[in-house]
Amino acid sequence: MQFLAVGKSVIRKEAWEKVTGQAKYTADISSPELLYGVIVTSTCAHGNIKQIDIETARSMPGVRAVITGDYYPILTGSVIKDRPPLASGKVRYYGEPVAVVVADTEAEAAAAALQVKVSYEELPTVNSPAEAIKANAPLLHEFVDQYQKSIPEVYPQANSNVVHHVKIRKGDLNKGWEDAEVVVEGSFTLPMSDHIAMETRNAMAHILSDGKIIIRTSSQAPFPVRKMISEQFGRDLGDVIVHVPLVGGAFGGKASVELEYLAVLASQAVGGRKVIISISREQDIASFPVKIALEARIKLGARRDGTLTAGEYTYLVGTGAYAESGPRMANAMAMSCTGPYKLDNVWCDALCVYTNHTYATAFRGFGHGSMTFAVERMMDKLAAALKMDPVQIRRKNAVKPGDTTPTQVELTESNLGNLQACIDKAETLINWEQGQVQYVGENKILARGVACFWKTSSSPTDALASAVVTFNSDGSANLQVGAVEIGPSTKTTLAQILAEKLSLDISRIHVEMEVDTGHSPHHWKTVASMSTFMVGRAVEEAADDALKQLLSLAAIAMVCAPEDLMVENGRIAYKDNPQEYIEFADIAHGYKHANGSTVGSQVIGRGSFVMPHLSPMDQETGKGKPGPYQTPGAQAVEVELNTADYTYRILKAVTVLDAGRVINPKAAQGLVMGAMSMGLGLATREELVFNQKQELSNTSLRTYKVMHIGQQPEYIVDWVETPNKAGPYGARGLAEHGILGIHAALLNALSKAAGVELDQLPVYAETIWKKVEEGRS
Amino acid sequence: MLQMIDEGLIELNINGETRKVLVRPADTLLFALRERLGLTGAKPGCENGDCGACTILLDGWPVKSCLMLAVEAVGHQITTIEGLENPPIQQAFVEKFAFQCGYCTPGFIMNCQGLINNHPEADEATINEWLQSNICRCTSYQEITAAIKSVLQKNPA
């Protein structure tokens, strides 16, 4: 099939705004009416607040208000309402917001913030997920079972630090162990880390005299912001208007409602005047949500030929001091717990637990990256125990149509894709035939490692997306959607889908970049690599709706039945004589007869989409359908290890994934490469370091290191395209997936090269050296 | 010599124009550009010199505007992303898909432009040395490297 716009590397619609500095993000407006909020944060990781002295701060120049947790005590959270936006009574992590100072200038607010004095009665801390479940562990939340739930499917355990427990019980585990000829076990640790979107979080709010709340924020979730603010402040949904312009990166970190509460509270405290809170990088890391920690234990059973017979998985998900979306990520790990392998006997317990650390929220991969690290290291351990080739054992167990997921969803070619084909391509691209380990010089080992992944979304079962297409009188079209442009070229990809459906040149599709909940059609939120799929379906429906209207107007103009007409290049022509046509421009705002009388009016297409047949996971067995389809893939890394000092250099990183259909190849390739880069950052350097008092010690980009230019390997991306029949033009989500298995592939290679088992992230030269020394002693 | 105790008016030469700007002695150049002149192409990413999102050119050399006081910029030629006149590096960033969210892009482009001006024949090591002062969290850097190389290669030797 020949496509007009789909499958083309269309330049993103906002490209020139972005390379000229004209692109406007949330904090890129200044105005004399603005007041500035600065947050005072906790210096104690766990403690009762004895006293907050705001008097000095309140009397400083320019200060208009100082608010603390007592000002408007509410509890928030997208899964369970356990978090006050400003600490109330006690603090549960270092960096927790305790007060907000509002002043005429940011400098005045910052100066006054230093004068807010808080004293604490220190409490013992919970320092890791494993400590959280110890019998005598200090409790972060004394009444966790009494919090209001935001969704029914969350199961907090009274008098514990366990906020959620999800189970998978599939098949007969005992039979699985009986059938096993080899059993391997492993445990894995991943630290908390941070999203480090280049645009730090910021939000602006004001309240009109009639009660309307107007918010401008850097968010992936304008509609949830509207909903939560409307609930917490008692407004109609329509009386809360949320504007989201371009967002400077998010990676899941801007998918929950955070700073918006503080901006609204700050505005309320100064009579509704407009307040902006732009936080520093230090606060962005320490005070606002980060990536979960994970401690995992896996036990696998297999026959000698490599066939998996049993899998037992325990995932301890450290969500920090508050749940936010931690419980959902525990669900996500459980529902995909086996990795993309056929396993009939599965037992998984995923516990989401509190620790005295910065709380966590969604992070690229939504739990699947951490889970995949553990699973894919295990597959290499199993291969070693069986003396099998790591690629071969994956190929042997790769999930196929007819198999079922851990939540017992039946897999088809359409909803699964073709993992086998991904493995084959990745194997070739990494030159696997040259061997997993090669000695390439004195103290130099070149090693290769592989990993596979799969991911589906963990969306609410009623998550919906909509689109509206309006036509201009020149025949061009405007596309409005509720998805935010956070970077992945989402809106341009959607414009390509519309261009294809309307058979209209992409230059004639105009896309509104800003989302305004007052007029943008609804979208669940811009997360889970689901926007192309969900909004794309809505765009298709909106295009069909518009085309129906165009065809019926054209039929009047061309004196025939709509069925006699076809759409081609922004025109409508007779099927049997394409030389005779009418331009969209002549009917887009109604058709004007020669005598001037007009029939019809502006063509407006509407479409919406909700994923069918999703169901929550059963509390006892996990049975259910959390997501619509899988995106599977295979990854590989080539690394050179110096065995004299254990430094290493990553030479090549490969991802092959089944994208169903690639709508914009260069944009998609960039997403997968960027995700690989982030994954290699997690593998090699990224971690939040808490000291003995659980104070976060690396809150700047000088001490929290990310990948820099020149450190990158050669990135190679290739596709398999097995159509997802539910997706627009067959597309599957792909924006997160490059991150999922790349750290495992690297550690599989390094473990092999160094002859030790590297089961925790990140891996420094020192980590390898210590392991080797341990092995020697 | 400039003497200031509280707020005062200074003159800055920005993008070829002389602009009068009211600043405090402690205001950074980044602050003055963004909050006083509406030149928001330079972005705050860390305000600590670690990320390069606020990079501008000072007398043709890349400088992190968060690490410089506005008063220190008096007497120098400042170029911000808004002052570029369609140099090839912008086109190269577009063609090579060298950005996603776009937040770090003005800083990267200004640094690249400084490199192109000062080392038109820069080799890979020089490119890396220069651009290591900027962070991009969306791309893999492979795209940015491709963009800068495509411009450097077009330059006459």
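Within every chain, numbering begins at 1; the chains are lettered A, B, ... in the order of the sequence lines, protein sequences first and strands thereafter. Since we're looking at a predicted model, the values are computed, not measured.
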- Query: Is any residue of residues 31-40 of chain B within less than 4.5 Å of chain A by heavy atoms, and which ones?
  - Reply: B:R34, B:E35, B:G38, B:T40
- Message: Under the rule for ring pair (Phe, Tyr, Trp, His ring centres under 6.0 Å), what residues qualify as partners of A:Y25, not counting sequence neighbours?
- Response: B:Y103
- Task: Mark yes or no for whether A:R12, through its side chain, and B:Q100, through its backbone, hold a donor-acceptor pair below 3.5 Å.
- Result: yes
- Task: Can you measure from SG (B:C46) to OH (A:Y704) and round to the nearest 0.5 angstrom?
- Result: 15.0 Å
- Message: How close do B:G45 and A:T200 get, counting heavy atoms only, and between which atoms?
- Response: O-CG2, 4.0 Å
- Restricting to pairs with a member in residues 122-147 of chain B, which pass ring-ring contact (aromatic ring centres under 6.0 Å, His included), not counting sequence neighbours? B:W61-B:W130, B:H119-B:W130
- Are any non-hydrogen side-chain atoms of B:C101 and A:E199 less than 4.5 angstrom apart? no
- Among B:V94, B:T80, B:T105, B:T139, residue most engaged with chain A (heavy-atom pairs, under 4.5 Å): B:V94
- A:T105: what forms a side chain to side chain contact (heavy atoms under 4.5 Å, CB included) with it, not counting sequence neighbours? A:A107, A:E108
- Message: With chain A as the partner, which of B:E47, B:K43, B:E82 has the greatest number of non-hydrogen pairs under 4.5 Å?
- Response: B:K43
- Message: Rounded to the nearest 0.5 Å, what separates atom CD1 in A:I709 from atom CD in B:E129?
- Response: 13.0 Å
- Can you check whether A:H195's main-chain N or O pairs, donor with acceptor, with B:R137's side chain at less than 3.5 Å? yes
- Note on the structure: Output for pair (B:C51 SG, A:H708 NE2), nearest 0.5 Å, gives 9.0 Å
- Pick one of side chain, backbone, both or neither for B:Q91, based on which atoms fall under 4.5 Å of a heavy atom in chain A. both
